[in-house]
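Let me begin by presenting the structure, written as structure tokens, before commenting on it.
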Amino acid sequence: MDEQALLGLNPNADADLRQRALTYFEQLKVSQDAWQVCAEALAKGVYSDDHAKFFCFQVLEHQIKFKYSELTENQQQLIRETLITWLQAQTQNTHAEKTFIRNKAAQVFALVFVTEYLTKWPKFFFDILSIVGLNPRGLDLYLRILMAVDAEVVDRDVVHTQEESRRNTLIKDTMREQCIPNLVESWYQILQTSQHTNSEVTCQCLEVIGAYVSWIDLTLIANDRFINMLLSHMSIEVLREEACDCLFEIVNKGMDPIDKTKLVESLCRVLESSGFFSIDQEEDVDFLARFSKLVNGMGQSLIISWTKLIKNGDLKSAQETLHSIESKVPLMLRLLVHEDDDISTNIIGFCYDYLQILKQLTLLSDEQKVHVEGIMLAVMKKLTFDEEYNFENEGEDEAMFVEYRKQLKLLLDRVAQVSPELLLTSVQRVFNTTVQNCQSKPFMEVEVAIRLLYMLGEALPVAHGAHFSGDIAKASALQEMMRTLVTSGVSAYQHTSVSLEFFETVVRYEKFFAVEPQHIPHVLMAFLDQRGLRHPSPKVRSRTSYLFSRFVKSLKQMNAFIEDILNRIQDLLELSPPENGFHGLLTSDDQLFIYEAAGVLIVNSDIPGEQKWLLMRKLLNPLLEKFKIVLGKLMTEKNEERQVVLADCLNHAVGFASRTSKAFSNKQTVKHCGCSEVYLDCLQTFLPVLSCPLQKEVLRGGVRTFLHRMIICLEEEVLPFIPTASEHMLKDCEAKDLQEFIPLINQITAKFKTQVSPFLQQVFMPLLQAIFEVLLRPAEENDQSAALEKQMLRRSYFAFLQTVSGSGMSEVIANQGAENVERVLFTIIQGAVDYPDPIAQKTCFIILSKLVELWGGKDGPTGFADFIYKNIVPACFLAPLKPTFDLSDAQTVLALSECAVTIKTIHLKRGLECIQYLQQEYLPSLQVAPDIILEFCQVLQHPDVKMFKNYLKVFFQRAKT
């Protein structure tokens with residue numbers, strides 16, 4: 001072997017050597033006999049370097065995986081002998097190989113096993129067992145090989161082909177018949193001899209049993225000698241976690257429900273008598289987490305058995321199983337409430353499923369009611385934050401707790417389904433005692449009390465958030481808690497989590513303020529002062545901005561507060577590019593919500609239109625003035641970093657103005673509110689930014705979005721601004737600019753139709769020329785992003801043509817001059833046939849159908865009938881016949897459907913002439929058999945379009961086979 005190349009296998013080798021080793025590996029993979037050199041090196045122990053040994057196994061692995069069938073009988077025998085020789089050497093070596101080499105060797109053994117076990121090597125396991133005996137290093141490899149075989153044959157996470165799945169089933173069946181009892185016996189011997197002397201091998205063996213128990217005869221393992229052995233391991237510190245996992249796999253094994261109940265019960269009796277249920281005395285949290293998982297498995301297995309027995313109508317056995325489940329609940333509750341969240345998490349499945357059983361029972365016993373309350377109290381306790389939780393800089397631990405809380409919430413929801421009254425009264429009790437004395441309570445208790453009130457909103461669902469009507473007991477309880485929340489002073493509690501929870505809850509129960517509107521001023525003040533939008537924590541300020549916007553939208557009686565609120569938030573609305581790293585109280589994203597809230601306050605109020613206009617002008621004028629100043633600065637700014645900051649600031653200003661317009665609706669239009677002039681001023685102010693030569697992409701994007709909004713809000717009043725804006729946006733375009741500009745033109749075309757016909761006539765060819773110019777630009781062959789941008793632009797172009805032709809303005813295309821019209825038509829044909837993009841192809845066929853419908857009659861434009869027969873008809877056949885036109889793909893089938901509509905429309909407009917052309921000229925030119933031509937034309941003439949669509953799919957499927 002190339003010894004120099006092998007030096008590159010060392011992780012510390014330089015890049016050139018590593019690259020040489022990689023190249024050498026690729027050479028050996030394709031070489032005919034290199035694997036034999038590697039096999040010999042392994043068998044004779046030629047290399048002492050670990051990476052060289054690993055490399056040899058990799059070459060061998062590749063040979064077995066991809067080229068084994070090409071080997072002769074003797075060569076295959078050589079591989080078997082190599083592995084056996086290597087294994088024998090391991091039992092005699094004084095030092096074990098590194099773990100990564102042993103794992104790779106086990107994989108290679110497993111690959112040979114799946115290839116040869118059913119045919120040439122039925123004694124695979126017996127041969128290995130005869131070599132390893134009770135040698136610790138041999139046993140380690142034997143157990144690793146068993147796990148590697150499990151990964152190849154059984155592991156459900158590995159995706160197998162149908163052929164591999166069939167093979168694996170056959171392997172398992174054969175193993176059950178021929179060797180599983182012997183393997184199980186070997187495991188027992190390993191456990192017996194190694195449990196006190198070699199914990200690593202014992203743990204490996206327990207892992208193997210856990211993996212294999214799911215598909216072998218359970219009685220081989222679930223018997224006295226094995227279970228007693230496993231239980232004894234539960235008392236040995238280094239084995240107990242693995243023993244726990246092994247018992248979990250045994251319990252999880254699918255079996256007869258009555259037998260499963262007996263197995264779990266006998267296991268529980270022994271575990272309890274051995275003291276394992278006394279978890280308060282156990283200090284090893286890692287073991288308890290595994291034990292909790294085991295108890296969870298036992299509980300869920302019993303519940304599955306109960307469900308099956310109920311389904312089978314065996315009520316007596318079901319009752320016994322239910323009793324068995326109930327007896328585990330006290331242990332379940334102790335694990336659920338354990339201070340370690342991992343231990344608690346592992347038992348949640350059992351709790352949830354147990355509550356599901358109770359939900360199905362018509363009447364709960366006293367004991368069951370106690371259990372429900374126990375679960376609920378445990379959940380309330382476990383929802384509480386730890387002292388160490390970092391609210392300002394949440395990391396992985398915090399994320400895990402948030403996820404854990406979500407699981408607890410599901411439990412609480414399930415409690416609500418079983419006993420809503422119990423949940424309501426318990427939450428009310430906890431809430432009142434905590435919130436009424438909140439300043440003397442730790443933040444965790446206060447936060448969880450408010451959180452529970454918040455959670456009731458989902459746990460006790462009602463239509464449209466009507467929590468304060470309907471069920472009187474529930475409504476009055478929630479009303480009383482909300483009253484306490486807003487009057488208790490808890491909004492001033494000095495902790496981030498409490499502040500956030502207060503505002504979240506206020507917004508969740510916004511309908512409370514329709515019942516008791518007297519509390520609105522207090523809550524508004526909380527939003528507007530240092531408790532909310534001016535809170536020391538950026539996290540609270542940011543979330544409150546969003547919640548304030550929602551709160552304002554939800555309230556109706558706001559007239560009295562509008563001007564006061566607008567004055568108080570004035571400084572928060574300021575447009576200010578960051579100076580010397582200093583940022584305002586709110587981020588620009590937060591400000592969007594405040595602007596939206598301000599817009600909503602003005603628009604939704606009952607004040608006269610003139611006053612609305614004044615308030616909207618007062619809101620937006622400072623923004624427009626600042627915009628002009630910042631634009632002036634940008635035009636003269638030389639520093640590129642500063643240019644970016646200023647451009648972003650301008651973009652934010654446009655976004656803020658745009659966001660205020662979201663307050664308008666079909667009832668409250670801009671015109672109705674008398675605010676048109678304000679937004680026309682915005683357009684006058686913002687559009688000059690399009691001629692700024694700096695940071696064009698950012699600035700154009702913002703103005704384009706604003707124009708989209710103004711088309712909706714100002715309607716035809718926006719039209720005078722569109723030509724100038726379009727002219728600027730079409731200068732120096734990139735694919736992405738055009739792709740984002742076309743939807744704006746589409747929106748104008750679809751909304752105003754013939755009103756914008758003159759503008760469309762004018763912009764049509766400049767827009768198309770800009771598109772063609774970008775599409776024809778050369779790009780690197782492997783530049784995926786450029787290819788994707790062009791594909792998306794092509795789609796946008798065809799979408800534009802579809803909008804124009806579909807909005808009754810085909811004359812815009814027709815009036816572009818014969819040469820231009822022809823060019824456009826040919827691009828549509830090209831899009832339908834030449835580009836393997838079914839989305840674009842579908843659009844092209846829709847356009848062609850529309851043009852045929854408009855121009856395909858006797859009075860259509862000169863030469864269009866010729867174009868139909870020379871280009872559109874061939875396109876309808878050539879596109880589906882392309883190899884890239886995949887008829888099993890859903891998008892392609894939609895394209896074919898539009899292709900069928902196009903053919904149908906041609907027949908509709910041209911009648912018998914179309915049939916004669918297809919029968920006598922076009923279809924014969926494609927070598928279509930006469931009987932198929934006749935059949936095609938008959939189906940085409942049938943009035944049912946759906947029938948023709950289905951036929952066309954079959955027609956092309958036949959043509960392509």
Side-chain angles (χ1 to χ4, degrees), residues 39 42-45 53 57 60 77-114 116-117 120-153 171 174-213 216 220-221 223 225-226 228-230 232-233 236 238-239 242-243 246:
L42 287 168
K44 293 184 176 174
K53 294 177 199 172
F57 271 120
L60 216 52
Q77 180 62 28
L78 175 63
I79 287 179
R80 291 195 288 274
E81 286 170 1
T82 299
L83 293 178
I84 289 295
T85 306
W86 181 85
L87 184 60
Q88 282 170 329
Q90 301 316 302
T91 63
Q92 291 153 16
N93 289 351
T94 48
H95 296 296
E97 294 286 11
K98 292 270 178 21
T99 304
F100 70 93
I101 297 174
R102 284 180 275 159
N103 285 338
K104 180 54 71 180
Q107 286 170 4
V108 173
F109 269 95
L111 285 173
V112 173
F113 169 79
V114 294
E116 301 231 310
Y117 177 64
K120 296 174 186 148
W121 203 355
K123 299 271 187 240
F124 178 88
F125 288 113
F126 296 105
D127 290 350
I128 289 172
L129 280 168
S130 68
I131 292 166
V132 302
L134 290 173
N135 177 286
R137 279 185 292 286
L139 289 177
D140 171 272
L141 283 161
Y142 163 59
L143 294 166
R144 284 178 198 277
I145 291 166
L146 282 167
M147 287 308 292
V149 166
D150 176 75
E152 286 292 330
V153 177
I171 287 174
T174 311
M175 282 178 71
R176 285 189 196 101
E177 280 176 34
Q178 294 182 358
C179 66
I180 286 296
N182 303 76
L183 296 185
V184 171
E185 189 54 42
S186 74
W187 302 337
Y188 184 75
Q189 296 303 327
I190 292 169
L191 293 179
Q192 203 172 32
T193 53
S194 305
Q195 58 185 336
H196 299 300
T197 56
N198 192 333
S199 59
E200 196 178 328
V201 163
T202 309
C203 285
Q204 277 177 272
C205 189
L206 291 168
E207 190 185 354
V208 167
I209 295 169
Y212 278 70
V213 80
I216 65 173
L220 293 168
I221 303 292
N223 51 48
R225 67 175 190 152
F226 258 106
N228 289 338
M229 175 87 75
L230 291 173
S232 71
H233 292 164
I236 301 172
V238 286
L239 306 180
E242 212 57 66
C246 188

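- What you find for W187 and I216 is that their closest heavy atoms are CZ3-CD1, 4.1 Å.
- Closest approach of Q195 to S232, counting heavy atoms only: OE1-OG, 4.0 Å.
- When atom types are taken as modelled, the side chain of T202 and the backbone of S194 share a donor-acceptor pair closer than 3.5 angstrom.
- Between the side chain of Y188 and the main chain of I221, no donor-acceptor pair closer than 3.5 Å is present.
- A search for side chain to side chain contact (heavy atoms under 4.5 Å, CB included) contacts involving I131 returns I84, L87, Q88, T91, not counting sequence neighbours.
- The CG atom of L83 lies 6.0 Å from the CG atom of L60; values are rounded to the nearest 0.5 Å.
- Put simply, the side chain of N93 never gets that close to the backbone of A96: no donor and acceptor are under 3.5 Å apart.
- Sorted by first and then second residue, the ring-ring contact (aromatic ring centres under 6.0 Å, His included) pairs with a member in residues 125-147 read F113-F125; sequence neighbours excluded.
- How far OG1 of T85 is from CZ of R80: 12.5 Å, rounded to the nearest 0.5 Å.
- Nearest heavy atom pair, residue N198 against residue V201, reads OD1-N, 3.1 Å.
- K98 pairs by the side chain to side chain contact (heavy atoms under 4.5 Å, CB included) definition with D50, F100, I101, not counting sequence neighbours.
- Remark: N228 pairs with no residue by the side chain to side chain donor-acceptor pair (under 3.5 Å) rule, at least two apart or across chains.
- Interatomic distance, CG of L129 versus CD of Q189, reported as 11.0 Å (0.5 Å rounding).
- The list of salt bridge (Lys or Arg N to Asp or Glu O under 4.0 Å) pairs with a residue in residues 121-136, not counting sequence neighbours, is empty.
- Remark: the backbone N or O of L220 is paired with a side-chain donor or acceptor of N223 at under 3.5 angstrom.
- Contacts of Q192 classified as side chain to side chain donor-acceptor pair (under 3.5 Å), with partners at least two apart in sequence or in another chain: none.
- For S199, the side chain to side chain contact (heavy atoms under 4.5 Å, CB included) partners at least two apart in sequence or on another chain are V238, L239.
- In plain terms, the two heavy atoms of A106 and A148 that are nearest each other are O-CB, 3.4 Å.
- Atom CG of L111 and atom CD of E152 lie 5.0 Å apart (nearest 0.5 Å).
- Residues satisfying the salt bridge (Lys or Arg N to Asp or Glu O under 4.0 Å) criterion with E97, sequence neighbours excluded, are K53.
- Looking at every heavy atom in both residues, Y117 comes nearest to Q178 through OH-OE1, 3.5 Å.
- Ring geometry, W86 versus F57: the interplanar angle exceeds 60°, so the pair is classed perpendicular (tilted spans 30 to 60°).
- For the atom pair CD1 (I128) and CD1 (I145), the distance works out to 4.0 Å, reported to the nearest 0.5 Å.
- Screening residues 99-109 for salt bridge (Lys or Arg N to Asp or Glu O under 4.0 Å) gives E61-K104, R102-D140 as the qualifying pairs, with residues at least two apart or on separate chains.
- Sorted by first and then second residue, the salt bridge (Lys or Arg N to Asp or Glu O under 4.0 Å) pairs involving residues 200-210 (not counting sequence neighbours) form an empty list.
- Considering CG of L183 and CD1 of I209, their distance stands at 11.0 Å, rounded to 0.5 Å.
- Every residue meeting the side chain to side chain donor-acceptor pair (under 3.5 Å) condition with R176, not counting sequence neighbours, appears here in chain and number order: D173.
- Nearest heavy atom pair, residue R137 against residue Q90, reads NE-O, 3.4 Å.
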